[in-house]
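Counting starts at 1 for both ligands and their atoms, in listed order.
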Amino acid sequence: MSVHHAFPDDASPVRIDDGLQLLDLGFQGRSGAIGSWLLAGNGELALFEVGPGSTRENLERMVRRAGHAIADVSRLIVTHIHLDHAGAAGALMRDHSHLRLTLHEAAAPFLVSVDRLWNSAARIYGDQMTPLWGEAIDVPADRIDSVRDGDVIQVAGTTLRAVSTPGHAGTHLAYFDEQRRVLFTGDAAGARMSGTSLVVPTLAPPELDFELWAATVDVMRALAPEQLALTHFGLFDDAERHLDDIMPSIEAAMEIAGRVLRSPDDEPALTEALDAAMHTAYETEGGDVSGKYDSMQLAMPGYLAAKGLVRVFRKSGRFEDGRQR
Ligand SMILES: [Zn+2]
């Protein structure tokens, strides 16, 4: 089954095993862009990643189709604060007073007072904020269970170890399911569409740090996961090969940026170059090229990567260097 299509009304969860299902959130009416993982076991239900406010109805519908009710979920876990991963948390917790949220201790303030995060995103998305992200409201501080690197939590019949994985975002945690040997990577392992091999770096601004990211890849490799569970999108068996491709994918994007960017004004040209490179890569893979490309453009659009890379160039003084030469 290909998932790179319009999100069907009768979309159903992907059952991985008795206790793990992948829920497609149908972001912007398409399949395969943003996912949430439903963990069930020991009489407990947990959602790993909740998606943005805009897909909340789909999230609840998919939980029902997975055979459960959102009212029976007791725990939300998110990898980082970005709206496509954690945006719906506040509204879910407002409407379900027993829900608790697990996240990085240093990330908690950003969701407790979500204004700063929302305003930062608004500088990127402008008047598209509500159509893209829906509602984002504050998370109650007293219902957060903050965790840090190395913490182990027992949840829904399994054991999750929090793994500090900065690079994409400063306060990013991946979680290693020690029973399944599945690593839930959030955005630390980039993005990859189901049924494809192309690893696309998640180059959203404003916190990219490629030195930290390289160390993060080593940390993930050292866990020797058997499978990777990506929020964008799905479960992948070739964990080692995928992890090996992350830094080269970032280097390739930086190489394009080095060719195209002479000043921040070149950002639209960089968007075009990154989009063209992605399209070419999918053409090389073959199959449903436009389907894969369109879903990836929702998960990790070229214009967002271009903004991220312009910021990296700015921060590292590369534009000034260019003028001096
Ligand atoms: Zn992110």
### Query
Is the Tyr282-Tyr293 ring centre distance short of 6.0 angstrom?
no
### Query
Which salt bridge (Lys or Arg N to Asp or Glu O under 4.0 Å) pairs, counting each pair once, include a residue from residues 188-216, with sequence neighbours left out?
Arg192-Asp238
### Query
Among Val200, Leu274, Asp84, which one satisfies side chain to side chain contact (heavy atoms under 4.5 Å, CB included) with Met300?
Val200
### Task
Return the set of protein N, O or S atoms whose distance to the Zn ion (ligand 1) is under 2.8 Å, each given as residue and atom.
His80 NE2, His82 ND1, His168 NE2, Asp187 OD2
### Task
Just jot down the ring pair (Phe, Tyr, Trp, His ring centres under 6.0 Å) partners of Tyr303, sequence neighbours excluded, or say none.
none
### Sequence neighbours excluded, every pair satisfying salt bridge (Lys or Arg N to Asp or Glu O under 4.0 Å) that has a member inside residues 125-148
Arg75-Asp145, Arg94-Glu135, Arg100-Asp145, Glu105-Arg148
### Task
Compute the centroid of each ring, for Phe313 and then for Phe319, and state whether the two points are separated by less than 6.0 Å.
yes
